[in-house]
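To start, I am sharing the structure in question, which I have written as structure tokens.
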Amino acid sequence: MYQHLEIEQKWREKWSRDEVYKTKTDQSKPKYYILDMFPYPSGVGLHVGHPKGYIATDIFARFKMMQGFNVLHPMGFDAFGLPTENYAIKNKIQPQKATNDNIKTYKEQLSILGFCYDWDREVITTDPEYYRWTQWTFLQMFKKGLAYESNEPINWCPSCKTGLANEDLEDGHCERCGTLVIQKPLRQWVLRITDYAERLLDDLEKLPDWENSTKEMQRNWIGRSEGAEIDFALKGSEKKIKVFTTRVDTIFGCTYVVIAPENDLVLELKDSISNLTEVNEYIEENKNKTDLQRTDLNKEKTGVALKGIKAINPFNNEEVDVFIADYVLNSYGTGAVMAVPAHDERDFEFAHIYGLRIKAVIFPNKEAEFEGKYAFTDEGILLNSGDFTGLSSAAARKEMIAWMLKNNLGAKKVNYKIKDWVFSRQRYWGEPIPLIHCEKCGVVPVPEEELPLILPNVESYEPSDNGESPLAAISDWVNVKCPHCGDAAKRETNTMPQWAGSCWYYLRYIDPKNTKELVDKKLEKYWSPVDFYVGGAEHATRHLIYARFWHKFLFDIGAVNYEEPFTKLKHVGLIMGEDGRKMSKRWGNVINPDEIVKKYGADSLRVYEMFMGPFEQSCAWNTNGLVGARKFLDKVVVLGEIKEFQEVKEIKSKLHKTIKKVGEDITNFYFNTAVSSLMILVNDINEVKNKISALPLTAGDFGKFLQILSPFAPHLSEEMFEKMGHEKSIFASSWPIHDEKLIKDETVNLVIQINGKLRANLLVPFDISEVEVIELVKKNETLQKWLEGHEIIKTIFVPGKLLNIVLK
RNA sequence: GCCGCGGUGGCGGAACUGGUAGACGCGCUGGACUUAAAAUCCAGUUGUAGCGAUACAGUGCGGGUUCGAUUCCCGCCCGCGGCACCA
């Protein structure tokens, strides 16, 4: 047993006093930038699952330090956002105060785990000196035309008089009061992320060190699809309906056209619609539906025919009916589709309900028949398709588009699922959007020299009844002179979403105090990009897409040198409660790290969390397992107290194998097997120690063992290293290098299989030949029993591994 | 429904590019030390049969490829995460 509290405190203080982890600023050495996704400092504090990723990056950072890199390993806080605002409203304190308190708690909780962060570089998104540059970047986007105003529907609770995130809805009702949530259009600032869709997609190819699964999720999120926009003329009218399709090959099977109810086209056509009352009723009914209600797949499809309107299929001049139906989304494509019930499931379902014609034109082969039970959505061969009959789907698409272009009936088109980014919130606790509305000059940016535009204090943090931000109520803040013409004007009162601050914090760590520019070019060139980024899988799409977009914009305006901010990315798996459920107050299964550290020490917690299982996998907490990690460290302490040293060759070889293994495993983020190999080494040392009553290593070699243990258990290793007489910190020492000669085994355990089944193990020289092995087999009695009376067909020999004898 | 990940002892998990399945840890059983307990140390621990050497079965299920499959292929089942009428 060792006194973990005393040792850990001693070293935390000493490391801090000696500035052991201060980022080195000389640029002569290679750099390594390893970054954690910074936390949101909520009121409840950390549980034992939060530090898992931080422990991993801490180990990695220390490993890189010892390998001679200048390591940048910073930490900060993503502190704007709704949870703090709600917490502040509920507890009647200022959001800024709540944030400061929470950050203080977080930092205390993090500090006792012994992380090697350079706190001089701390970044807090709510710091005006930080959000000055968040606002500055927004202004650059505004100036480039990437920010625009738009009326966007938000989830609106008429009772709470507030906008709600999708998360805050329960079955289309307000989570808090149960009122039915409606869609209310509000003026919003929106960023044209869709302009970057192609690059965001293509550049994923430049990220070989990202998990394939993450890239796939991003691809799906961006959702590129290639197709065509086709004009369906309207009978007796100049107007036409533009539809988007990826399956032009099915167009001869089109039996009607559907428009989204909120599509402006419906308004334009109203004079020709004979059942306008019915149509308006349908539109009215569906207007207030939330996305969730609309997209509930269990719901039966509904729609209304636009009587009096006929569209003409340009490929065969057939007249088809036109419907409005909410299964067509106005926000995707052209907000109108050609319906091919035979070959699209949604159209098929709709056609069934309304008894519409179903015409099959794609078949798996020429002889096949359309059964009519469900839509045939595969590719196939075209029949009943005019001049295109007989072609395969792929060939038909090519030829049909060519024909369409030639006759000027439409265009090739690429569509994306990704939508422009609604970048404003009607909330208090966010970065103010630095724009001014002037009646004469329109929207005018706040002059850059006036940044940061400070978030003013207010009496009440609640949004106003009409859904405006509480900033709108501060008249002496809102009312300003137009920077352009000097007339009376009003400030924008929307604030930025929480995502904004996390889009570029990794750049601020590089140059945390800069007041002249976003980041110094030379520093950026040296430290960028982030070599390794670690955080939760829940950020695989949104945060990581927004940050990539933001970075590409900064690249375009020349603020940064690289197009992709994060070279390598890994996701950390959750730690669940002992009951297998997510750790949460609600289940009462939260384990507090402070208590664990107090009782077992930070080093035990670190070793245990890394040993639990593969880093990216989620895993249930088990305090007994933690005790196992502590026992391992206790064994190490016992070894350190031995004063007799007697080198044993076999142990030296095992040490060098472990040096190699631990280094490789840290590099690959295989911490569980790294810890395991350290445990095995300790067990081996112990076994020999008991026999010879001395430590079977030289003091120098024991020091090497402490070095490879040190990233996992920094306090204890440092303490033992010092006790051995070292004056400098173990983290200023160089990572040991294994000796290949010592790793090579002279003899190996060779497996003898007969018909693929293990029958014997032979201890043989590592370079034994097949002939020699067969000689040994013939001399071996047990093997002979198996061979007797059988003919050997062949043998398979894997040098140094196995011999398989195949019998007839 | 689609996309992604996974399924190995009582439990967490290991097994390099196809080559001894169950490393390491927890738990459990037995033993040593102790008046006793805790802690510590030693031994055992996939199942079945056997005193035992050993044999057979065994990595979600059913097939296949191979001298040999946890690993590769085909068809299913189950769990987790994400997205959701994207034309």
Side-chain angles (χ1 to χ4, degrees), chain A residues 1 211-217 219-221 223-225 227 243-247 250 258 260 291-292 294-297 299 301 325-329 331-340 343-347 349-350 377 415-419 536-538 540-542 571 573-574 576 607-608 611-614 616-629 631-632 634-635 638 664 670 672-683 686-687 690 749-761 782 785 793-798 800-807:
Chain A
M1 284 295 281
E211 225 61 46
N212 269 330
S213 56
T214 311
K215 288 194 274 189
E216 198 53 33
M217 277 163 97
R219 284 189 197 105
N220 291 340
W221 186 273
R224 181 183 200 272
S225 52
V243 302
F244 175 73
T245 180
T246 55
R247 291 294 304 272
T250 65
V258 189
D291 283 355
L292 275 170
R294 257 183 81 154
T295 56
D296 182 0
L297 273 174
K299 180 199 76 170
K301 294 198 166 31
D326 68 355
Y327 81 90
V328 171
L329 307 174
S331 57
Y332 184 75
T334 60
V337 301
M338 64 175 207
V340 186
H343 306 299
D344 180 282
E345 280 165 23
R346 294 151 299 178
D347 298 340
E349 194 190 322
F350 189 78
T377 56
N415 265 326
Y416 296 92
K417 266 197 250 185
I418 192 171
K419 289 180 193 140
E538 67 274 22
T541 47
R542 278 176 297 179
H571 296 301
L574 287 177
M576 312 298 250
V607 169
Y608 172 58
F611 183 62
M612 287 175 90
E616 293 176 69
Q617 197 172 298
S618 68
C619 186
W621 177 267
N622 179 343
T623 301
N624 275 327
L626 173 90
V627 174
K631 283 183 190 166
F632 160 66
D634 284 336
K635 283 186 204 168
V638 171
E664 286 169 356
Y670 299 157
N672 55 333
T673 51
V675 172
S676 156
S677 64
L678 287 165
M679 286 172 166
I680 293 169
L681 179 63
V682 166
N683 288 346
N686 248 318
E687 202 176 302
N690 289 341
N749 202 354
L750 197 91
V751 172
I752 308 296
Q753 294 185 337
I754 292 173
N755 287 334
K757 287 203 167 159
L758 171 74
R759 292 302 176 198
N761 283 302
T782 40
K785 270 194 301 188
I793 298 175
K794 65 169 166 177
T795 56
I796 290 114
F797 182 63
V798 183
K801 279 242 169 87
L802 96 164
L803 178 79
N804 188 10
I805 303 168
V806 186
L807 300 178

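Protein chains get the first letters and strands the later ones, always in sequence-line order, with residue 1 at the start of each. These numbers come from the heavy atoms of this one structure, side chains and all, not from hydrogens, waters or symmetry mates.
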Could you give the CZ-to-P distance, from A:R542 to B:G81, as a whole number of Å?
16 Å
Can you tell me how far P of B:A43 sits from CG of A:N686, to the nearest Å?
11 Å
OP1 or OP2 of B:G27 versus the side-chain N and O atoms of A:N624: is any pair under 4.0 Å?
yes
Could you tell me how far B:G79 sits from B:C42 if I compare only their P atoms? Round to whole Å.
43 Å
Under 4.0 Å, heavy atoms only, any strand: does A:N761 hit a base, just the sugar-phosphate, or nothing?
base
Verify, without hydrogens or angle tests, whether A:D344 (side chain) and A:D347 (backbone) share a donor-acceptor contact under 3.5 angstrom.
yes
Aromatic A:Y327 / basic A:K301 pairing, under 6.0 angstrom, 45° off normal:
yes
Looking only at non-hydrogen atoms, find the nearest pair between A:N804 and A:G756 and report the distance.
OD1-N, 3.0 Å
Would the base of B:C85 count as contacting A:K301 through its side chain, where contact means a donor and an acceptor less than 3.5 Å apart?
yes
Below 4.0 angstrom from OP1 or OP2 of B:A87, is there any side-chain N or O of A:S225?
yes
Kindly state whether the ring of A:Y608 and the ring of A:W621 have centres lying under 6.0 angstrom apart.
yes
Counting only heavy atoms not in A:E345 (residues, nucleotides, ligands), do more than 12 fall under 6.0 Å from its CD?
no
5' precedence on RNA chain B between A:G223 and A:I680 (nearest-nucleotide basis)
A:I680
Under 3.5 Å, is there an N or O donor on one side and an acceptor on the other linking the side chain of A:N804 and the base of B:C67?
yes
Expressed as a whole number of angstroms, how long is the span from A:L758:CG to B:A69:C1'?
16 Å
Hey, is the side chain of A:N672 poking within less than 4.0 Å of OP1 or OP2 on B:A23, counting only N and O atoms?
no
With the side chain defined as heavy atoms from C-beta on, A:F244 is closest, among B:A87, B:G19, B:G12, to B:A87
Under-4.0 Å side-chain N/O to phosphate OP1/OP2 contact, A:Q617 with B:G13
yes
Can you find a side chain N or O atom of A:R759 that sits less than 4.0 Å from OP1 or OP2 on B:A55?
yes
When the distance from NZ of A:K757 to C1' of B:C56 is rounded to whole Å, what number comes out?
7 Å
Distance in angstrom units between A:F611 CZ and B:C26 P, rounded:
8 Å
5' precedence on RNA chain B between A:V806 and A:W221 (nearest-nucleotide basis)
A:V806
Under a 3.5 Å cut-off for both distances, is B:G6 Watson-Crick or wobble paired, and to whom?
B:C78
Grab the CD-P distance between A:E687 and B:C41 for me, whole Å please.
13 Å
For B:G4, does the glycosidic angle fall within 90° of 0 (syn) or outside that (anti)?
anti
Could you state the atom-to-atom distance from CE of A:M217 to P of B:A84 in whole Å?
11 Å
In Watson-Crick or G-U wobble terms, with both distances under 3.5 Å, the base opposite B:U71 is none
Does atom OH (A:Y670) have a neighbourhood of more than 12 heavy atoms from anything else shown, all under 6.0 Å?
no
note: A:M612, atom CE; B:A14, atom P; distance rounded to Å ~ 13 Å
Under 4.0 Å between a side-chain N or O of A:K794 and OP1 or OP2 of B:C67?
yes
Side chain A:E538 and base B:G82 donor-acceptor under 3.5 Å:
no
